[in-house]
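The analysis underlying the following values was restricted to heavy atoms, covering all of them including side chains, and did not include hydrogens, waters or symmetry mates. As the structure is a computational prediction, the values presented were derived from the model and not from experiment.
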2 protein chains.
Amino acid sequence: MKSVKKKPVPTHKEVFVKRITREILSGKWNPGDKLPSERELAAEMGMGKTVVHNGFEQLAAMGLVYIKPKSGIFVADYMKTGNIETLNAIVNLNGDELGRDVVEAILDLRLAIEGMALRALCLCRSEDDIAHLRSITEDIRDCSDNMGVEELAERFFLWHREICILSGKSVLTLFMNTVHDVSIAFWVKYLRMYGTSFAIERLERFIGFIEARDCEGAYNLLATGIDDYLANLEKQTM
Amino acid sequence: MKSVKKKPVPTHKEVFVKRITREILSGKWNPGDKLPSERELAAEMGMGKTVVHNGFEQLAAMGLVYIKPKSGIFVADYMKTGNIETLNAIVNLNGDELGRDVVEAILDLRLAIEGMALRALCLCRSEDDIAHLRSITEDIRDCSDNMGVEELAERFFLWHREICILSGKSVLTLFMNTVHDVSIAFWVKYLRMYGTSFAIERLERFIGFIEARDCEGAYNLLATGIDDYLANLEKQTM
DNA sequence: TATCAAAACTGGTCGGACCAGATGAAGATT
DNA sequence: AATCTTCATCTGGTCCGACCAGTTTTGATA
């Protein structure tokens with residue numbers, strides 16, 4: 001009945017990718033190390049070479065591994081050469097245990113992205129936009145009681161993405177989507193810290209600023225919200 | 001002898017992905033349309049179903065397509081649900097023909113990312129950092145004559161990425177890498193517009209500000225550089 | 001000792017076989 | 001006639017073995 005969607009049977013590829021990801025992020029292998037060949041790993045793990053190959057392609061896309069064609073596969077210096085997928089891999093593996101500096105950098109970026117969208121939306125918003133935002137805010141309020149925190153986090157993510165969509169700055173929407181996983185991790189923490197009703201009230205305050213075309217007000221609400229969150233995070237960990 | 005690395009023989013998968021990408025971005029298919037089945041497309045294009053399947057997986061990662069498991073594959077509303085890979089796909093296909101608003105949004109984001117890195121580096125820079133930056137700047141100057149503009153663009157990208165690395169804000173580096181393709185397109189345009197020597201001089205001015213620990217000076221140099229570029233872009237297109 | 005060809009690697013690509021969920025039409029039940 | 005059930009036939013999902021083509025090592029030969 002619950003909306004859990006755990007995969008009952010992980011595929012060979014998933015098993016392989018998870019294992020290597022774990023081994024690299026845990027430091028078992030170091031940047032520059034040459035990994036065993038696809039054939040070796042395939043035999044060791046009892047799976048076909050193609051599966052291992054596809055797994056390595058995914059690991060390369062995540063920036064954890066560097067493929068030197070026809071020669072070998074090496075552990076990448078992922079903190080230098082990685083990308084957002086690398087960050088997602090770290091977040092998905094470590095769960096809540098994100099370093100404070102990482103969280104801070106991510107939030108600064110979100111401020112940059114969404115702040116720009118907010119300012120733009122304040123200038124161009126129509127009555128329909130306001131009505132639309134009110135509508136989806138009500139939706140969240142209505143179903144907030146019988147919903148898991150992760151599902152709720154997704155709703156909050158979508159609400160803020162809507163800001164980007166309505167602002168007309170399509171590139172910002174694309175950016176917002178690329179930090180989806182990281183954002184969910186943030187919202188889960190946020191909702192646990194402040195509670196749902198407080199978070200929903202903030203959404204309504206945003207709408208108020210947008211309706212009044214108050215660029216700076218909207219931006220400051222976002223900025224102070226983030227600052228406040230970081231301050232509380234500080235307290236919690238002390 | 002040239003450093004051209006064109007693939008002599010594109011693989012089936014590449015052919016397939018390119019074709020569908022073209023068809024979607026050109027508007028032959030519209031968001032929500034159901035595409036022909038993997039088997040149909042495979043037969044039509046004379047390739048195996050697995051190849052088509054892998055191709056669709058890549059297209060899904062690019063945000064161009066939405067896979068409804070065991071049911072069908074649909075064209076995604078990629079401007080809403082896409083990510084940076086989508087943007088890369090657009091850039092790689094259209095080449096120089098990027099809309100002004102897109103360019104502006106991308107540069108605003110770069111300002112957010114790199115601006116933060118610059119401020120941080122101004123505060124924490126060591127003598128070694130300065131020497132390192134001087135060294136790689138000299139490298140660029142030395143080999144700038146006998147180098148194609150694309151290769152030079154890559155060097156400029158790496159220079160600015162180095163700012164992120166040295167700043168210690170590792171997340172910024174990861175972000176910088178995710179906008180690699182888009183950045184290269186920018187630098188190619190930039191170098192053509194201002195010339196190499198002007199661009200190198202700007203690098204040295206950055207180093208000066210960083211050495212003086214002048215946060216605002218460094219930030220403003222970046223900001224005014226971007227503004228100036230956008231203004232020139234305006235003139236050019238008129 | 002230096003050279004160079006062959007053997008033994010490496011990753012790269014592909015298509016066929018098979019699996020399982022989704023769908024919809026045909027037939028049975030009410 | 002309306003509804004439910006069943007099942008053939010769609011769909012994508014996964015995997016493996018065969019084969020291809022560079023790279024690296026080996027070792028015989030000059």
Side-chain angles (χ1 to χ4, degrees), chain A residues 1-21 23-24 29 32-76 81, chain B residues 1 3-21 23-24 29 31-76 81:
Chain A
M1 200 55 60
K2 285 281 191 68
S3 67
V4 281
K5 33 187 169 178
K6 293 258 177 162
K7 290 228 173 174
V9 179
T11 66
H12 283 188
K13 184 182 168 186
E14 287 170 334
V15 170
F16 173 77
V17 169
K18 196 156 194 171
R19 166 173 159 179
I20 302 294
T21 300
E23 290 187 355
I24 292 177
W29 304 95
D33 283 358
K34 180 171 184 176
L35 292 169
S37 75
E38 294 181 347
R39 283 173 181 82
E40 277 181 68
L41 286 169
E44 179 190 329
M45 299 185 66
M47 45 183 77
K49 193 183 86 69
T50 306
V51 174
V52 171
H53 179 74
N54 290 337
F56 271 131
E57 277 190 333
Q58 187 177 327
L59 286 162
M62 296 194 298
L64 294 178
V65 130
Y66 167 72
I67 300 176
K68 196 174 165 192
K70 322 272 183 172
S71 177
I73 294 175
F74 302 82
V75 176
T81 62
Chain B
M1 203 52 63
S3 67
V4 282
K5 33 188 169 178
K6 294 257 178 163
K7 289 227 174 178
V9 178
T11 66
H12 284 186
K13 184 181 168 186
E14 287 171 334
V15 170
F16 173 77
V17 169
K18 197 158 195 170
R19 167 174 157 180
I20 303 294
T21 300
E23 291 186 357
I24 291 177
W29 305 96
D33 284 357
K34 180 170 181 175
L35 293 169
S37 75
E38 294 181 347
R39 282 173 181 82
E40 278 180 67
L41 285 169
E44 179 190 331
M45 298 185 69
M47 45 184 77
K49 193 182 86 71
T50 306
V51 173
V52 171
H53 180 76
N54 290 337
F56 271 130
E57 277 190 335
Q58 186 177 328
L59 287 162
M62 295 194 302
L64 294 177
V65 129
Y66 167 72
I67 300 176
K68 195 174 165 191
K70 323 273 183 171
S71 178
I73 294 174
F74 302 82
V75 176
T81 61

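Contact between the side-chain N/O atoms of A:K34 and the OP1/OP2 oxygens of C:dG11 is not found at any separation under 4.0 Å. Between A:S71 and D:dT24 there is a side-chain N or O to OP1 or OP2 distance below 4.0 Å.
A:N54 places its CG atom 12 Å from the P atom of C:dC14, with the value rounded to the nearest Å. Between the NZ atom of B:K70 and the C1' atom of C:dG21 there is a distance of 5 Å, given to the nearest Å. Spacing between atom CD of A:E57 and atom C1' of C:dT10 amounts to 15 Å, rounded to whole angstrom units. Rounded to whole Å, the distance from CD1 on B:I67 to P on C:dA22 is 15 Å. As a whole-Å value, the separation of B:M47 CE from C:dC14 P is 8 Å. To the nearest angstrom, C1' of C:dG16 lies 15 Å from NE2 of B:H53. Between the NZ atom of B:K13 and the P atom of C:dG15 there is a distance of 13 Å, rounded to whole Å. Taking atom CD on A:E38 and atom P on C:dG12, their separation rounds to 6 Å, with Å as the unit.
Taking every side-chain heavy atom of B:T50 into account, C:dA17 is the closest of C:dA17, D:dT11, C:dG11. Comparing C:dT10, D:dG12, C:dC14 against the side chain of A:R39 picks out C:dT10 as the nearest.
If you find the closest nucleotide of DNA chain C to B:H12 and to B:K49, the one lying nearer the 5' end belongs to B:H12.
The minimum heavy-atom distance between A:P10 and A:V15, with the atom names listed, is CB-CG2, 4.2 Å.
The aromatic rings of A:Y66 and A:F74 are tilted relative to each other, their planes meeting at an angle between 30° and 60°.
Between A:T11 atom OG1 and A:M47 atom CE the span is 8.5 Å, to the nearest 0.5 Å.
The only option from B:E38, B:R39, B:K13 that meets the side-chain hydrogen bond (donor to acceptor under 3.5 Å, both in side chains) definition with B:H53 turns out to be B:E38.
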